[in-house]
Structures are given as structure tokens and as C-alpha cells.
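Because only heavy atoms are used, hydrogens play no part in the values below, and waters and symmetry mates are left out as well, while side chains stay in. Note that this is a predicted model, so its numbers are computed, not measured.
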2 protein chains.
Amino acid sequence: MATARSAQAAAEKRRLILDAAVRVFARQGFHTCRVSDIADEAGVAYGLVYHYFRSKDEVLDTLFLERWNVMLDAIREVDTQDITARRKLEAIAGFIVDSYRHDPDLMKVIIVEVTRAANSFGQTHLAKITEAYNLIGAVVEKAQESGEFRTDISPQFAAMAFYGAIEQVLTGWIFDSLPQSAGGFDEAKRLIVETICSGLDR
Amino acid sequence: MATARSAQAAAEKRRLILDAAVRVFARQGFHTCRVSDIADEAGVAYGLVYHYFRSKDEVLDTLFLERWNVMLDAIREVDTQDITARRKLEAIAGFIVDSYRHDPDLMKVIIVEVTRAANSFGQTHLAKITEAYNLIGAVVEKAQESGEFRTDISPQFAAMAFYGAIEQVLTGWIFDSLPQSAGGFDEAKRLIVETICSGLDR
DNA sequence: AGAGCGGTTGACTGACCAGTCAATCGCCAG
DNA sequence: CTGGCGATTGACTGGTCAGTCAACCGCTCT
């Protein structure tokens, strides 16, 4: 039992540090913050961060991979369902928007420090990030084959437009260049999918 | 004449440094490169960079503002023309895509280090960046009033989707997660506008 | 000729911070 | 009670650069 109990305690400490890191990264940014800021926020000693993680980078890598893998699984799961592509895109946009609603700090960190940070962590995780584009592209491709979507827009291209629109909206919320209106989140899902699927034309 | 000649020579050195900085920032990224890398690339002494610029940051600020102001002017100019909103969006997307075609390194730096770097330079230039969204939003808004565009998608929202789609495509090109196909650039303009205006639905 | 003045040079400094490590703590088993 | 081991601590080190500055260059004007 001793082993099990301490293993659990250790896992809790690790999580404590990860959660503190989310808050610190969201508040100060990855490059601007010091490892000591994370330790302070978590209420642990500086060195303990290095007991659980090899480096400052590994903390962010862990946060990103944890969440991104959940998202990739969610997209894959959506794609197995027997619904229209439009509904699939709604579910995907919904998942991402809900991720932000549920934990804005974490999504801020993932978007700002990884997904949009193409020169630093975006580079490291390019393959993982591209995987999401490809999964969305596959949804579009199948919809083209079934006749639901037009075939003169390449699936990869459509995926970029779709994902780009979502990320831009989240970024707008994160930095207050887009108002987070009352109906907000659910309205946003609808608008994104509506824009991409039906277009702005009347 | 002496004054005029040396002033011109000085301006040329300044430009030499700016152009070198574009190459270095594009290759290594702003945070990763050293000021000495810029000086070496420009073939001038380290200290000269500080004769023309107050700081490393100011070099990037200058590059961004130079180009971004040109773009804002271009968007404003497009909006004065008596053409459909769809044509206006085509012209705007065209301008941005052509900027990339003409000087990919500069666009890479602006997008990667400023526009998408929301925590560092994106923060500093948030107002300037938002200005672009607002100008695009105004184009959409007028199109809604004239009946060209549907009115149930907020103009600001549409602007984010439009700009987000463009930037995502450029980012895809920059980091090779989207193939730069043969027809490439002109095809891309068309697809972006087509997607946003008419949608993916058949 | 030579004074003056931008333009130009690059060695140096001061600050910062990621990561190390030796010492301590506290929990459990025997 | 005690030996041992993993968890925890935080002072310290080493390397990295942005930015400074005092000296130097070469052109022009008198």
C-alpha cells in the first residue's frame, strides 16, 4: 500500500505543478515567466519542478500533448458517427469552443504558446498539429465523395479555412479583440460552421 | 550636397540592416537569433545596429509597421472602389497572398513573430492588427446593408473567419503543412474567397 | 592642411535564469 | 527504534546576450 499511496501523492504533486504552470503561462507567457514562478504558484520548491520534468519545455509539451490528444480522439470519434459532414464540423467546432469555455487558460496556453507559435513549440509539435488538419480534411473529403460538399475546393484547403476561422475567433476572445457576447459560445459554433458551409452570400 | 549624400548613404545602411534582419528572423526566429547575427548578415559591426535602432525589438517593430501600414492603406483603398463586396474581399486576399509571393521571408516574420505571437509583439501591436479586422468588418457590414451578404452573421465575426482562413493558409505554406501546388497563389485567392462567400455546401 | 562631425567599430559589462546538486525530510518496513 | 529510499529543498553555477561606450575612420568644409 505504501507504494500505491506515495505514487498517488506524487502524481498529485505533478498535477499541482502542471496546473500552476497553466496559470503562470496564461498570465505571463512561456518565455517571460521563470521556472521559479511556476514553483511559487504551485507552492513547491524550485527544484521539485525538475524532479517531475526534465526541463521547462517538457512542462509545456506535457500540457499540450495531454489536451491535443484528447482533441484528436474526439475528432476521430465524431468522424465514426453516421451524421452529415456539417454536423461533424459542428461537433468539432463545438468541442474546441467548449474546451475554451471549460478551461480558457489552458486553451490560451495551447493556442498562444504552441499552435500559433510556429517557430518554437509549433515546430516541435508540427506533426501532431498537422494531424488535426488531416482529420478535418478527411471529413471534408468524404463529404465531397458523398456529394454533400462541392468538389472544387481541396479538402486540405477547406480544413485550413475551417480550423483557421475557429482559432482566429478563440484568439479574438483571448485578447479581447472580439467581444465575448452574451449568447457567446453556442452562437459562435453556429456562426463558424454556417460561414464555412453556407458562406456569407445571401 | 554633402548632407544629402550622407543622409542617403545612412538611409541605405538602415535598409541594409532591416533587410538582413528579415532574412535572419525568417531563418532563426526573433527570440532565437542574436543581434550579432543581424549585424553579420548585414556585413556591419554589432554596434551599428544600435546606431539606427534603439533596441532589437525596434527592428522588428519597424519591419512590421512598414508593411502593415501599406496593407491597411491597400484595404482602405479597395473599400473606396465601386465594386461588389466579394470583389473587395478578393482584392484583399489577393493583396495579402501577393505580399507573400513577393517577399515570403517578410510575411513569414510578420505573421510568425507579430500577428500570431499574441503574447509578445502581437500584444504591442494589437491596436494596429485589430484595425485590419475592423476594416474588413466594415466591408462586410456595408455588404449586409446593401443586401449582398446575409445579415445573421456579425461583421466582426465574418472578418475573423476571413482573415483567419487567409493567415492559416499562409502559415500552412510557410511551414509546409499545406502544399504550395502549381497554380498555387492565384488558385488560393479564389478558394479562400469562394469558401468564405459561397461555402463548402454543394 | 586640419578641424569637426557623422558614421562605424567591437570589446566589455551587467543582468538574467535554466538547470544542477548536495543536503534534508519524512514515511515505511523489518 | 533504525536504516533506507524517494520526495523535497533552495543556494549556486555557467552560459548567454542585449545594450553601452570610448575609440577610430574618412569625408567635407574652410
Side-chain angles (χ1 to χ4, degrees), chain A residues 1-22 24-25 27-64 109 113-114 117 119-121 124, chain B residues 1-22 24-25 27-64 109 113-114 117 119-121 124:
Chain A
M1 281 312 103
T3 322
R5 186 150 54 227
S6 48
Q8 192 189 346
E12 275 164 21
K13 271 289 166 65
R14 194 183 141 90
R15 178 94 336 251
L16 197 67
I17 292 170
L18 284 170
D19 291 345
V22 168
V24 172
F25 290 162
R27 194 191 314 133
Q28 306 177 231
F30 178 83
H31 299 289
T32 320
C33 84
R34 284 156 287 174
V35 173
S36 65
D37 294 331
I38 301 173
D40 290 351
E41 176 82 24
V44 302
Y46 183 88
L48 196 61
V49 175
Y50 287 91
H51 181 72
Y52 288 105
F53 302 95
R54 263 193 294 271
S55 65
K56 187 187 178 190
D57 284 18
E58 201 185 71
V59 177
L60 180 55
D61 287 341
T62 304
L63 288 171
F64 168 73
V109 169
E113 305 295 349
V114 185
N119 255 342
S120 48
F121 286 90
T124 317
Chain B
M1 281 312 104
T3 321
R5 185 150 53 225
S6 49
Q8 192 190 346
E12 275 164 21
K13 271 287 166 66
R14 194 183 140 92
R15 177 92 339 249
L16 198 67
I17 292 170
L18 284 170
D19 291 345
V22 168
V24 173
F25 290 162
R27 195 190 314 133
Q28 306 178 231
F30 179 83
H31 300 288
T32 321
C33 84
R34 284 156 289 176
V35 173
S36 65
D37 293 331
I38 301 173
D40 290 351
E41 176 82 23
V44 302
Y46 183 88
L48 197 61
V49 175
Y50 287 91
H51 181 72
Y52 288 105
F53 302 94
R54 262 194 295 271
S55 65
K56 188 186 178 191
D57 284 18
E58 201 185 74
V59 177
L60 180 54
D61 287 341
T62 304
L63 288 172
F64 168 73
V109 170
E113 306 295 349
V114 186
N119 255 342
S120 48
F121 287 89
T124 317

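Of the residues in residues 44-51 of chain A, those with a non-hydrogen atom less than 4.0 angstrom from any atom of DNA chain C are Y46(A), Y50(A).
In this structure, CD of E58(B) is placed 15 Å from P of dA18(D), rounded to the nearest angstrom. In this structure, the CG atom of D40(B) is 13 Å from the C1' atom of dT9(C), given to the nearest Å. Rounded to whole Å, atom C1' of dG19(D) lies 16 Å from atom CZ of R34(B). Look at CG on D37(A): it is 13 Å from C1' on dA18(C), rounded to the nearest Å. dA7(D) atom C1' lies 15 Å from atom CZ of R14(A), rounded to whole Å. Nucleotide dC17(C) holds its C1' atom 9 Å from the NZ atom of K56(A), rounded to whole Å. In this structure, the CG atom of L16(B) is 11 Å from the P atom of dT9(C), given to the nearest Å.
Using a 4.0 Å heavy-atom distance criterion, S36(B) is classed as making no nucleic acid contact.
An end-to-end axis angle of 10° holds for the helix from dA1(C)-dT30(D) to dG30(C)-dC1(D), taken from five base pairs per end and rounded to 10°.
Considering only residues two or more places apart in sequence or on other chains, S36(B) meets the side chain to side chain contact (heavy atoms under 4.5 Å, CB included) condition with R34(B), Y46(B). Listed by chain and residue number, R15(B) satisfy the salt bridge (Lys or Arg N to Asp or Glu O under 4.0 Å) test with D19(B) (two or more places apart in sequence, or in another chain). Judged as a side chain to side chain contact (heavy atoms under 4.5 Å, CB included), and not counting sequence neighbours, the contacts of H31(B) are E113(B), S120(B).
Checked options V109(A), T32(A), D37(A); the residue passing with V24(A) is D37(A) (criterion: side chain to side chain contact (heavy atoms under 4.5 Å, CB included)).
One distance of note links CD of E58(A) with OH of Y52(A); it measures 13.5 Å at 0.5 Å rounding. The CZ atom of F30(A) sits 7.5 Å away from atom CD1 of I38(A), with the distance rounded to the nearest 0.5 Å. Here the CG-CZ distance, from L18(A) to F25(A), works out to 9.0 Å after rounding to the nearest 0.5 Å.
Between K13(B) and dT8(C) there is a side-chain N or O to OP1 or OP2 distance below 4.0 Å.
Residue pairs satisfying the salt bridge (Lys or Arg N to Asp or Glu O under 4.0 Å) criterion with at least one member in residues 39-51 of chain A, sequence neighbours excluded, are listed as follows: R23(A)-E41(A), R27(A)-E41(A).
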